[in-house]
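Working notes, beginning with the structure itself.
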Amino acid sequence: MRATENAHAAYLEAQAEFAVAHEGEPSFLSALRAAGMASFADQGFPSRRREEWRDTNLSKITREPFVRVDGGLTAQVRLDGALGGLGGNDVAFVDGGYREDLSRTAVVPGLSVESLAMARNLEPEWLDGRLGAQVDVKVHPFAALNTAFLDDGAICKLDPGAQVSDPIRFRFAASAEVDRGISHPRVLIEAEAGSRACIVLDFTTLGSAVHLTNCVIEVRVGENAHLQLVTLQRESDAAMHFCTAGVEVARDAHFASHVVTLGGDMVRMDLEVLLAESGADCTMNGLFVASANQHIDHHTRIDHAVPRGTSRQLYKGVLDGKAKGVFRGRVLVRPDAQKTDASQSSPNLLLSRGAEVDAKPQLEIYADDVKCSHGSTIGQLEEDALFYLRTRGLDEDTARDLLTRGFAAEIIDSLPVSELRGPLERQLLARLGEGREGRSGS
Amino acid sequence: MAQVLEIRGLHARAGEKEILTGLDLEVGPGEVHAIMGPNGSGKSTLAGVLAGRPGIEVTAGEVRFEGADLLGLSPEVRAREGVFLAFQYPVEIPGVNNNYFLKASLNAVRSHRGQDELDAMDFLALCREKMARVEMPKELLSRPINDGFSGGEKKRNEILQMLLLEPKLSILDETDSGLDIDALRLVSEGVNALRSPERSMLVITHYQRLLDYVVPDFVHVLAEGRIVRSGGKELALELEETGYRSLESQTAATNP
């Protein structure tokens, strides 16, 4: 308990210094930061007594404070190239700070991609009211902490009717050179009416130190717009990764989220989608793969606030070694949200005896004319299938890999950027391979 | 020269239940042996023992393949050495592409035999040729393994694998079950295409029908876990007329 309090005190002090250093910036920003800090001071790091945090043990975070790093501004680094190049915009951030030297920007009609550090002086009016609109810092302590240190980030705007064919990639690399460094990446996406685009957020680690990435993603999908958002978390085994994402979907708009979580020692992602106007549609796909002692926690919340909304959720977990996975999916159908069509499914695959998964769908339905389904399963590789593959000459490890890949394929194959599929599949198998070495060695 | 397959005094059980109770069988090079018998006589257990299915425990006896112990080998090594089991119920594996699987399988077997692995192009050419032989629709290659295949398509996929892997000993476990007459003819043609002086087969079936197409050199009758009668192909016809019931009295008579 004392350690936790000390941890809070360190962040309060650091934020006071941070605020002084950022004096003179637009007043809405200072107000946001102050509100974020107040919320964090109020809540602190959540204890497991809070229902939403019951499955997440934060002792690795609260044991000692993390220190804010922005060394990324100048350091010479090489970004991870495992996923290869994509066409179009490829914008890099190190420790949350924009790096022009590592970015490639392309001029695309109707699209603007910029850094928050620049935008805050050029268009404070546009940002005011949008930044912080989709994530409530009063209920999300990590988002509150992010907001308290709000500095730089990625801003992506799609003008009405803009059709962007190439994926827009934002890379967020953590330098991880200093032990227990923390960075607070921030993403703000505004897709105006009738626009269409695919955005890839790719989180990686450069160094080997223990670090904490504390990210906030805010998205608004305007009327009749189509937005695909791919979130890849490929950080190191020493990474703590917390991500709070809030999405608002307008009338007849389509939003699809594809989350692939492979990295990190302690990971939690909260994704909340509000279907704010009638006819809004949302797909939430997720795949998490954990081995060794990883803890990977995905919380989703879909809010059907108005009639005729549809949501499809499919979260798959693959757990090996002594890893622990958590999936908690809340579906809220409000009294007005008649004709809602919601489905949620979370199949999980356990590859070892020591692995554990906790999958809890949670439906709260207050309307009567709705179609809602949910289900979660926890299983092992099928013995019959393993035997079948082995009778065709494949050794046991290869057969297991093939079946595991088959389990993950539903998510990987549905990724809207086909170039990502092969490399991600290889990373997934490499991660499980490491888990296997660990297992046979023990 | 050693026999391809020698089974001596084989006892095996699944769980508590003893299913094979002292089975002896020899299969020479190029020979086709049919194993017939009523349900529950141990036909599929025999297939399972030979392929190394988990959950079946051999309690006594030995099985030698080309003169060497077979039971100590893992299922994959048996396959690479040339033992092939065509499943009665081929397993559906969603998410794993048939083409990828077949290529991985063939290359695992080829590299074990000291042959070069085939690249994607060469594999596809070979696979198309074999598929034509069993009239398997091309699109089944790009689908997940057996996923949503009809009964006949699954069996053709089994025979396709057999044609690709060119095993020395093929065990067909009730390959005729669930097939209409056209599919049965196609599957049999696939099997017959592989008949040669170097390749032996064990055809396990409940009915005589398959043996009209794949004509065996020997027919054995399995009852209560052991072979109770052996003969030529005419034995199958006899059984078709008299049924297995007539055998049961014989078994009772021959049991000590």
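Naming: A, B, ... by sequence-line order, numbering from 1 per chain. Every heavy atom of this structure was used, including side-chain atoms; hydrogens, water molecules and symmetry mates were not. As the structure is a prediction and not an experimental result, all values here were calculated from the model.
- Annotation: A:K322, atom NZ; neighbour count of heavy atoms from other residues, nucleotides and ligands within 6.0 Å does not exceed 12.
- Considering CG of A:L389 and CZ of B:F101, their distance stands at 5.5 Å, rounded to 0.5 Å.
- The local environment of CD in A:Q380 is sparse, with at most 12 non-hydrogen atoms from other residues, nucleotides or ligands closer than 6.0 Å.
- Annotation: B:Y89, atom OH; neighbour count of heavy atoms from other residues, nucleotides and ligands within 6.0 Å does not exceed 12.
- Of the two parts of B:P90, the backbone and the side chain both hold a non-hydrogen atom closer than 4.5 Å to a non-hydrogen atom of chain A.
- Between B:V109 and A:G393 the shortest heavy-atom distance is CG2-CA, 4.5 Å.
- Summarising the geometry, atom CZ belonging to A:F407 is positioned 14.5 Å from atom CD1 belonging to B:I93; distances are rounded to the nearest 0.5 Å.
- Atom-to-atom distance recorded for B:E158:CD and A:Y388:OH is 3.5 Å, nearest 0.5 angstrom.
- Under a cut-off of 6.0 angstrom, the local environment of CD in B:E62 is crowded, with over 12 non-hydrogen atoms contributed by other residues, nucleotides or ligands.
- Applying the 6.0 Å contact sphere to CG of B:D116 captures no more than 12 heavy atoms from other residues, nucleotides or ligands.
- To the nearest 0.5 Å, atom CG of residue A:L386 and atom CD of residue B:E76 are 10.0 Å apart.
- Proximity to chain A (any heavy atom under 4.5 Å) is restricted, for B:Y100, to the side chain, taken from C-beta onward.
- With a 4.5 Å cut-off on non-hydrogen atoms, B:R53 touches chain A through its backbone and its side chain both.
- Taking the six-membered ring where the residue is Trp, B:F87 and A:F387 present tilted rings, their angle falling between 30° and 60°.
- Only the side chain of B:I145 comes within contact range of chain A, with heavy atoms under 4.5 Å apart.
- For B:N146, the part lying near chain A is the side chain, with the backbone staying farther off; criterion is any non-hydrogen pair under 4.5 Å.
- Chain A forms more heavy-atom pairs under 4.5 Å with one residue of B:V83, B:V96, B:V91 than with any other, namely B:V91.
- In terms of heavy-atom pairs under 4.5 Å with chain B, the best-connected choice from A:L403, A:D395, A:I412 is A:D395.
- The minimum heavy-atom distance linking A:A409 with B:G95 is given by the pair CB-O, 3.7 Å.
- One distance of note links CZ of B:R80 with CZ of A:R392; it measures 13.5 Å at 0.5 Å rounding.
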